[in-house]
Every structure is written in C-alpha cells, then in structure tokens.
Number of protein chains: 4
Amino acid sequence: MGTQERKTREKEARRQLILTAANRMLSEKGFMQMTMEDVAREAELSTGLLYFYFKGKDEILVTLLLNSIQYLNDRLRQVRDQDGVALQEKMKQLEDTFKDLLAFDPSVFHKIIHLHSSRNMEKLSFSLIEEVKEGYRQAFSLMTEIFRKIQDAGIAFSAAPDHYTDFICSIFLGSICHAQCLFLSAGDRDHQQQLLGEAFEIIDKSVSNGASQKDRKKICNYSA
Amino acid sequence: MGTQERKTREKEARRQLILTAANRMLSEKGFMQMTMEDVAREAELSTGLLYFYFKGKDEILVTLLLNSIQYLNDRLRQVRDQDGVALQEKMKQLEDTFKDLLAFDPSVFHKIIHLHSSRNMEKLSFSLIEEVKEGYRQAFSLMTEIFRKIQDAGIAFSAAPDHYTDFICSIFLGSICHAQCLFLSAGDRDHQQQLLGEAFEIIDKSVSNGASQKDRKKICNYSA
Amino acid sequence: MGTQERKTREKEARRQLILTAANRMLSEKGFMQMTMEDVAREAELSTGLLYFYFKGKDEILVTLLLNSIQYLNDRLRQVRDQDGVALQEKMKQLEDTFKDLLAFDPSVFHKIIHLHSSRNMEKLSFSLIEEVKEGYRQAFSLMTEIFRKIQDAGIAFSAAPDHYTDFICSIFLGSICHAQCLFLSAGDRDHQQQLLGEAFEIIDKSVSNGASQKDRKKICNYSA
Amino acid sequence: MGTQERKTREKEARRQLILTAANRMLSEKGFMQMTMEDVAREAELSTGLLYFYFKGKDEILVTLLLNSIQYLNDRLRQVRDQDGVALQEKMKQLEDTFKDLLAFDPSVFHKIIHLHSSRNMEKLSFSLIEEVKEGYRQAFSLMTEIFRKIQDAGIAFSAAPDHYTDFICSIFLGSICHAQCLFLSAGDRDHQQQLLGEAFEIIDKSVSNGASQKDRKKICNYSA
DNA sequence: TATGAATGAGCGTTCATTCAT
DNA sequence: TATGAATGAACGCTCATTCAT
C-alpha cells in the first residue's frame, strides 16, 4: 500500500540524512575526531537513532565508501561501454571520472585510508567487507578492460593494461595525498583536481608519443 | 665540558631509543592503535619519561617524519649533485631513492597521512610544523631541480619540471596507498615496491619515447 | 456483551503470548541479557505493544513469577488437602511438587533472584509487590500446614513445622544454585532435579529414622 | 630495597582499598546497579585507576569471590585437619565455617549468582575462570573429605559423603536466598544466619538419630 | 632524570521507554 | 490497539597526559 511505501521511502531518507551528515562531519573533522554525537547533532537526531540505522560508526564509514565506489564503477562502466570515441576521448573520460568522483566525495581518500587502518575492519561484518572487496575488484577490472580496449585499438601502451590500472589508481590516490602536502607546505587550497589534471596531462602526452610511433592513424578513431 | 657533552650525547641517544621504539610500534599497530605505554614498553622506559623527551605523542610522530624527510632530502641532494650520468640513470636513482625511503621508513605514508588529519596539528609547536613545511619545500625544490637538469640536458619532457615533481610525489604516495587496496581486495602482500617499480617503468618508457623524438643523442650523456 | 467478552479474552491471550515469549527468552538469555525487543520479536509483536500490556520489563518478570508461585501454591494445596496417604507419600508429593515447579518454570530461581536484586522493586507497583508477598506467604503457610499435619500424625520431626518449611525452601533454592556451581566446576548439565532428589532422599531417611524411634506404627497411615 | 618493598605494599593496599570499596557498593546496590564510578567514588579514586588495578568490572567481582572461596577453603582445611574432636563438634565447626563465611562476605551469594549469569564469564580471562573452578573443586573436595572422615568414624550417614557435600552446599546457598524471600514477605532482616542455624540443627538431629542406631559409643570421640 | 601511579575527559554503544501515526 | 521509529540517559572502558616522589 501507499502508506507502507511511504514509510519505506522515509526510512531510506533518514538513512541518507545520516549519511549526508556523517559525510559533512567526516570532511570537517576526519573519522577519528568525528563522534557519533557530532553526526547526530548534524543530522538533528538522537545518538541512539544512529544505531537503529547503522551497526556502528565503522558501518557508516564503509557505507559511505561503498556509495563512492558504486559511483565510480557506474561511471567506469559508461566509459567502457561507450564506443566510437577517440583514444584521447577515452582518457579524458577517465580523467573526468576521477575528477567527478572527487567532487562527489571529497573525502573518499580518507575513507579508504581509515578502512585499511588495520584494526578497524575487525568489527565490520564479513559481508560488508566483501562488498568493499568486490567493489575494488570491479573497479580494477573495469579500468583494465578500458585500457585493454585502448590497447587493442592499436595504441602503443608501454605496459600491460593491468599495470596501467595500478598506475592510474596510484596517481588518483597520490594526487589527493600530495595535494595535502602541498597545502601544508604552501597553504594553497584545492590542489587535488589540479594535480590530477596535470598528471593526466603528462600521461596523455606520453601515450600520444608512444602511440605516434606505432600507428598514428589509428589514434583518432577506433571502435570496440 | 666533557661531562656536559657526554650528557648531551646520552640524551640524544635516549631520544633515538624512543624514536626507534615508536617506529617499531607504528609499523606494527598504526598511530591510533599505538599507545604511549606501547612505546614506553618497547623502549624499556617509563611512560612519564617519554614526556621528558617529547611534548607528546604527536611530537614523536612528527619527529620521526622529519627524520624520514631528512633522509629523503639527503638522497635527493646526492642525486642532484651527481654529475656525468645518463638520463636513465638519473631516473633510476630517483626510483631507488623512493624505494630506499620506503625501506628506511615503511610507515612514512601513514605518518604523512596522520599529520594532515586535520585536527592533529593544533597541538604541535609552531616551530615543528615549520620544520615539516621546510622539509617538504626542500624535497619539492630538490626534485624540481633534478627534473630541470634533465630537461636542460635536452630531454623532451611533456611538462614543466615542477609538474613532474608533483607527478612523481603523487605516484610515490599513491603506490603505497593503492598497494593497500590491492592487499584488501586480493590478499597479496608487499605490492608497494612492485607498484612503485612498475610506475617508474611506465614513466621511463614514456620519457624515452618522448626523448627519442627530440634528441636521442643527448640522452646518454649529459652534464650539469 | 459477547463482543466485550471476546475482547477481554483476546487481550488475555495476548498477555499470555507475551509472557510465554518472555519466558522463553528468559531461559535462553537471562533477565539482564533479554531485551524488550527480544521479547517482542519472539512474540511476533512490536516493542511498543509490550508496554500496552505491561508497565515495563520488570512487570513482565514479576507476572511470570506470580504465575509460578500460583502453580506452586495450587500444587501445595492439593498435597495439603489430600488425605489418607502415608507420610512418605506426603514427602514424595512435596518432592514432586518442587520438581514439577522446576519443570514448569526452569528459570523460577532467576526470577526470584532478580526480584530481590535490591533496586529492582522500586519501579514496581505497590499492588504487584503485595501479590508476590502474599504468594510467598501462602506458599510458606501451606507448607507449614503440611508439615504440621505430618507432625500431628505422630511423626517425630526434629524441629518445628515452620522451620521445616524454611529448610525445604532453602534446599529447593539452594539445589538450583548449587547445580550451577557444579556445572561451572565440572561441566555437567542438569543437576538441578538430581540434586533436589538426593536432598529429599537424605531428608526422607533422616525423617524415617527419627520417626522409627517414636511411633513406627503411625507412619503408614494417618488421616487429617 | 625497603623503598621497593614499600611500594609493593602500597600497591597491594590500593588493590585492597578498591576491593573493599567494591564490596561495600556490591552489598549496597548489587553488581548490575554498581557502576565503576560508584566504586571509584567510594574508594576516593579516579575511575581510570580502577582499570590500572583490574581488567574490568567483572574481574573485580571474581577477585572478591576468589577471596571468599579462599577464606572458605582455609577454614575447611582447618576443620578437616583438626583431629580428636567429637562428631558434633565437626558439624558445629562446619556450621561456624559457613556462618563466618557469611560474616566475612555478606554478598558471596550474589557474587556466585552473577558469575554464573551466563554471558558474564565470556569477558573473563581463562586463568581467572580456572581459578574459580579450582576453588570450587577444592571446597567440594574438602567437604567431602570431612564427611568421609565422619562416616569412617562410624557415624551412620544416610548417604554418600559427596551427596552430603551437595546437600550442605545447597542448604548454605538456599538459606541465603530464602532469607531474601522471607525479608520480602515478612520484612524482617538478617534471617540468613538464623536460617542456616536452623538448617544445621535439623541436620544435626537427624544425624544423631541415625548415628544412635549404629554406634552411639563412637560418636563422642574419634580420631582420623 | 626517572618512575609509574593517578587523573579525568571523552567515546561508542545499549536499551528501556515513549509517542506520533 | 498496534507499530516501530525515536529518545536520551547511562555505562564501561581507554589513554594521553600529569605529578608526587
């Protein structure tokens, strides 16, 4: 019935409310400094209610991370499935994907970091950890497929597709981290997007260069 | 006086004892899980004494980080100042520098991460923060100098030297972080060095490619 | 009216449903570990509804205890009123009564214990406490009557009937408690009934012995 | 050195201070209602310090229980080893032992009860649980030895010594529990000692009766 | 210098109870 | 009657830091 449906919707809305509030506090204070009371206050709810919707603090974090992973994978799937585009376009799409992920979740890096902070996973349910693992695997797999497609199109990559996946992942994560170092040393803000952009620029050029040696004609247009 | 000198030396030795112990615990448990009592036990000292040598937990962390930054900068200076080597050699030296940094301090990444964890710097003394900033600046500056030298030697870089600095820093930090993701998703160990190696391989090739088009003769031997 | 009556009946049925569920959870988890949500889930009702039928968690416990007390008193009345049986038979009936009480409510001991746990009675309504008191008094009174009858029949008891009441009550409660100690120390199960049986055996024999000295002829058949 | 020794003594004194405070609060409020802050306040210490001396709330309880068990076993050993006393004396000594245990630790019953409250032992260290088990076993074993000695002396017991052990244990525990029932129903205080006394009186008489039939001469004086 | 006992604020979490619907 | 989301006080426990000796 409509009533039942509305309730379900409202419950989901509450969950989202909490997640949004947690995300705000997470960006503001970091995971360790964020208390459940912070989240409750930000969401204008009682602390107890948080535990009605989530098993605990860690589950909130992981749920948020899973959201971001899903966002990334959705975008990666689009990039993979979109045919008839030029190589540079594919790389540009990848760059935009990561930039948008960063806009979608500015603290995705910190979520990943905390999740891996050894002792924090022990309290998580097995299935939730599995979801994260699966999310990671899908992301890696999708990226590798994309790189393979590019390579199959004749572009001369200097390494195997899965190495490119690792390479791009490292650059994504590293750009965020290095941006913080720059922020500390120079005081500027928001280098993340910029660093990512510059890194992709370097990669793009080197790829074009590499490509040029093999099959320059094939660069512009290839189909899956 | 000799006595005074000996005292100073012994004090410094104690500090090192604590730092070494802290480093061990840091690798073992991570910063949040490491308690001051852990450090004291590992150093076979009392907790109270830690506060005689260091202002607090954070200061220990930052001191350790400064050590690692200094190690890095020393190495970078050597790379910069060593003349008469081929381009590939310079890149290889850079790669080795970072790999050695990782061996020298396996938890350097986590130190950086924690330092930036927003609220953790408030308790630190101004001068200590300045030291870190200065260390960062020097590292960036040294790397940029190195890249500039390479570029000056006629190697066709696809970007400005300081962008390469950011690029390499990102890759260094990102490789460590991504290695953890791989560890979670695949269960393998110790991808850090490997990922870093693969990343440098990709860069090397692209640089060679780029270089080859411009001035292949100049690659092999250049002098500052 | 019939409708009214049905409603009353249904309401009582609901109460019983809750009580039964609570009893199950009580045996399974113990009072402190049993949450109201446990009870609600077990009864397939909502938590809120529990508070329509009962003032709170403690009231459920006490209501269950009252049930068991009533069961005991009903049985004791039967033992008291049944004439023309031998002495040993009376003692056997008493033994069976307690054993059946234990079967009827395996957690009666824990209910009693919790009720007495000092601060737990403060929240209970005056009348409910009075009911428990009255139930206790009736049980003690009934048992004393039974012992008096036995004594009046010429059996040489070594103590006054009310002392025997206390004695038997202590043995009943103590057997349950001691069974738990044995369970902890030896790991065996279900000593309750056995301990109770052994205790009664000891009592029986000593009573027979004592009796034999005075008036053995009167043992076998006496009437109230 | 003297200083070291004094420190050790003072530390032990602190432990005792906490245990004493906990015992007071335990009698006053019961285990569940007693908070660590209560104990700290009563001992005029900070809550944190409690955790320096004890692993947690449960460990305090068990330590107190172990104290009482040790007290009991010491007394039982004395009873067992004292030769050349009459049978009645042995029984009287047993009675006094339990009465003194009750005076030594008025809440020993509640400690036992809580310990057995299923889920509470999970947090305890294995060795501590083993100590309790061993304490129980020793008590049972000592009592059984005592009863065997009495029986060997020619006293006609109506049951095996270990059944008598169970019997006496049940009566001890049951008397305390039943005293609470009486307190609730009648409002009187301190029936514990009295009930225990009455119970022993009943047992004594029945034993004397039983004994008289076999070997009255041996009652008065026997040696191990 | 060195010790380690002492502090105490703070946090994650639980759960009996209430209340809007 | 019935629901179940919402409340919020309470508690056990941790640990960086201090301080008397």
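Convention: sequence-line order gives letters A, B, ...; per-chain numbering from 1.
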Worksheet item: Quick one: is the NZ or CZ of Lys57(B) closer than 6.0 Å to the six-membered ring centre of Tyr51(B), and within 45° of its axis?
Response: no

Worksheet item: On DNA chain E, nearest-nucleotide positions of Thr47(A) versus Leu45(D): which is more 5'?
Response: Leu45(D)

Worksheet item: Using 30° and 60° as the class limits, which term best fits the ring planes of Phe109(B) and Phe109(A): parallel, tilted or perpendicular?
Response: perpendicular

Practice prompt. Please work out if Lys11(A) contacts a base, only the sugar-phosphate, or nothing of the nucleic acid, heavy-atom cut-off 4.0 Å.
Written response: sugar-phosphate

Worksheet entry | Within 6.0 Å of CD in Glu44(D), more than 12 heavy atoms from elsewhere | no

Worksheet entry | Options dT1(F), dA9(E), dT17(E), nucleotide nearest the side-chain atoms of Met36(C) | dT17(E)

Discussion item. For Asp38(A) and Thr35(A), which I'm curious about, is there any donor-acceptor pair between the side chains at under 3.5 Å?
Written reply: yes

Discussion item. On DNA chain E, does the nearest nucleotide to Phe52(B) precede the nearest nucleotide to Glu44(D) from the 5' side, or the other way round? Give the residue.
Written reply: Phe52(B)

Worksheet item: Regarding Asn23(B) and Lys111(B), is there a side-chain donor-to-acceptor distance under 3.5 Å anywhere?
Response: yes

Discussion item. Does dT14(E) have its OP1 or OP2 closer than 4.0 Å to a side-chain nitrogen or oxygen of Tyr51(A)?
Written reply: no

Worksheet item: Whole Å only: how far is the CG atom of Leu50(D) from the C1' atom of dG8(E)?
Response: 12 Å

Practice prompt. Determine whether more than 12 heavy atoms belonging to other residues, nucleotides or ligands lie under 6.0 Å from atom CD of Glu37(D).
Written response: no

Worksheet, complete the sentence: Ranking dT17(E), dT3(F), dT21(E) by distance to the side chain of Lys123(C), first place goes to dT17(E)

Response to the item:
As its Watson-Crick or G-U partner within any shown strand, both distances under 3.5 Å, dT21(F) has dA2(E)

Worksheet item: Is any side-chain nitrogen or oxygen of Ser46(A) closer than 4.0 Å to OP1 or OP2 of dT7(F)?
Response: yes

Worksheet item: Hey, is the main chain of Ile113(C) close enough, under 3.5 Å, to the side chain of Ser117(C) for a donor-acceptor pair?
Response: no

Discussion item. Base, sugar-phosphate or nothing for Thr35(C)? Non-hydrogen atoms, less than 4.0 Å.
Written reply: sugar-phosphate

Discussion item. Applying a 4.0 Å non-hydrogen cut-off, can you work out what Met32(D) is touching in the nucleic acid: base, sugar-phosphate, or nothing?
Written reply: nothing

Fill in: Near-strand residues of residues 53-67 of chain A, defined as heavy-atom separation under 4.0 angstrom from DNA chain E
Gly56(A), Lys57(A)

Worksheet item: Now, which nucleotide makes the Watson-Crick or G-U wobble pair with dT14(E), with each of the two distances under 3.5 Å?
Response: dA9(F)

Discussion item. Any side-chain N or O of Arg14(D) below 4.0 angstrom from OP1/OP2 of dA6(E)?
Written reply: yes

